Amino acid sequence: MSSIKIECVLPENCRCGESPVWEEASNSLLFVDIPAKKLCRWDSLTKQVQRVTMDAPVSSVALRQSGGYVATIGTKFCALNWEEQSAVVLATVDNDKKNNRFNDGKVDPAGRYFAGTMAEETAPAVLERHQGSLYSLFPDHHVKKYFDQVDISNGLDWSLDHKIFYYIDSLSYSVDAFDYDLQTGQISNRRSVYKLEKEEQIPDGMCIDAEGKLWVACYNGGRVIRLDPVTGKRLQTVKLPVDKTTSCCFGGKNYSEMYVTCARDGMDPEGLLRQPEAGGIFKITGLGVKGIAPYSYAG
């Protein structure tokens, strides 16, 4: 085993950093700061950060095949023109729930943009329950709703053979799997593949590696854990110097580096003194496993 190295590559002080996505074409990491309503792009070569501020909470960002990006802003799926710092609304959800917003989102292997909603929090992980739903935006811009009664719609990814969809509703403390039909985008047969242990705290963002294992960021747990979704066993725990780890993705050369976002909202001054890098972007090297490239929205 190579030795694992963890470093804060960007002391961004995100209130709630989320949705890291590697853009190979620009050697950059995209991510959002949800309550700050910001989309950020960090160039790993120049170390420069570009930031775009929107008019509502920005909860996820993804690549787009035709160029630019797509993002979930408030309760809207949007297309993003980075140069003009403008967003065009592609679809809106949860019109009847004025207190809702999107949370995590990711594009599936066929180019659909999956994202779920939740009620706006009154404090971190404190909110009106069962208000969210899971949706996907198809390439023709129509929206499909899969199910409701969601607390905090979170981490999502697909198995390497594209036959299983993995999903986290944070307050269920479970990583779930569905049978997945890539042709139609249908999901079925929900089951739990891993239940978090007490010290692991709240499951948040998630990604898959090139061996088909899942990596889950544990909010308030200060770690990312590697799971085998077939056996339901935890294979590895990587602890970070911050508690509020929120999401993770692979990036860098050959997708051999892991990037982890985190939050500082909800921390008292004492906690921030103890964890000055809270809200930063972390890079983990030496994991001995690679990730896969993110999919791009086809619409």
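Bear in mind the structure is a predicted one, so any value in this text is a computation, not a measurement.
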Inset, instruction - Using the six-membered ring wherever Trp is involved, compare the ring planes of Tyr297 and His141 and label them parallel, tilted or perpendicular (cut-offs 30° and 60°). - result: parallel
Inset, instruction - List the atom of Val32, the atom of Ser19, and the distance in Å for their closest heavy-atom pair. - result: CG2-CB, 4.1 Å
Inset, instruction - Sequence neighbours left out, what passes salt bridge (Lys or Arg N to Asp or Glu O under 4.0 Å) with Arg234? Give chain and number order. - result: Glu197, Glu200
Inset, instruction - Would you kindly say whether Asp104 and Ser60 are connected by a side-chain donor-acceptor distance under 3.5 Å? - result: no
Inset, instruction - List for me each residue that meets ring pair (Phe, Tyr, Trp, His ring centres under 6.0 Å) alongside His142, sequence neighbours excluded, and say none if there are none. - result: Phe138
Inset, instruction - Taking side chain to side chain donor-acceptor pair (under 3.5 Å) as the test, write out the residues that go with Asp55, two or more places apart. - result: none
Inset, instruction - Find the distance between CG (Leu196) and SG (Cys218) and round it off to the nearest 0.5 Å. - result: 5.0 Å
Legend entry - Check against side chain to side chain contact (heavy atoms under 4.5 Å, CB included), Ile281 and Trp42: CA-CA 10 Å; Ile281 305 295; Trp42 174 73; 5.6 Å; no
Inset, instruction - Find out whether Glu211 and Val289 are in side-chain contact, i.e. whether some heavy atom of one side chain is under 4.5 Å from a heavy atom of the other. - result: yes
Legend entry - Heavy-atom side-chain proximity of Cys207 to Met258 below 4.5 angstrom: yes
Inset, instruction - Look only at the side chain of Arg112 and the backbone of Leu182, and say whether a donor-acceptor pair between them is shorter than 3.5 Å. - result: yes
Inset, instruction - With sequence neighbours excluded, tell me which residues meet ring pair (Phe, Tyr, Trp, His ring centres under 6.0 Å) with Tyr69. - result: Trp82
Legend entry - Over 12 foreign heavy atoms within 6.0 Å of NZ, Lys290: no
Legend entry - Lys98 side chain near Asn100 side chain, heavy-atom distance below 4.5 Å: no
Inset, instruction - Look at atom NZ of Lys253 and say whether more than 12 heavy atoms of other residues, nucleotides or ligands are closer to it than 6.0 Å. - result: no
Legend entry - Axial cation check for Tyr167 ring with Arg190, 6.0 Å and 45° limits: no
Inset, instruction - Give a yes or no on whether a salt bridge exists between Asp33 and Arg15, defined as a side-chain N under 4.0 angstrom from a carboxylate O. - result: no
Legend entry - Non-hydrogen side-chain atoms of Ile4 and Thr285 separated by less than 4.5 Å: no
Inset, instruction - Decide side chain to side chain contact (heavy atoms under 4.5 Å, CB included) for Tyr173 and Ile202; before the verdict, give the C-alpha distance in whole Å, the side-chain angles of both, and the deciding distance to 0.1 Å. - result: CA-CA 6 Å; Tyr173 296 90; Ile202 302 172; 3.8 Å; yes
Inset, instruction - May I ask you to decide if Thr261's main-chain N or O and Thr246's side chain share a donor-acceptor pair within less than 3.5 Å? - result: yes
Legend entry - Any Asp179 side-chain heavy atom under 4.5 Å of Arg191 side chain: yes
Inset, instruction - Examine the side chains of Thr75 and Thr92 and answer whether a donor and an acceptor come within less than 3.5 Å of each other. - result: no
Inset, instruction - Determine the sole option in Asp157, Ile168, Val224 for which the side chain to side chain contact (heavy atoms under 4.5 Å, CB included) test with Val216 is passed. - result: Ile168
Legend entry - Side chain to side chain, Leu29 and Val21, heavy atoms closer than 4.5 Å: no
Legend entry - Side-chain heavy atoms of Glu120 within contact of Glu128, under 4.5 Å: no
Legend entry - Ala263 to Tyr219 - nearest heavy-atom pair and separation: CB-CE1, 4.3 Å
Inset, instruction - Output all residues satisfying ring pair (Phe, Tyr, Trp, His ring centres under 6.0 Å) with Phe77, sequence neighbours left out; order by chain, then residue number. - result: Phe102, Tyr113
Legend entry - Contacts of Ser174 that satisfy side chain to side chain contact (heavy atoms under 4.5 Å, CB included) - sequence neighbours left out: Ser172, Asp176, Ser192, Lys195
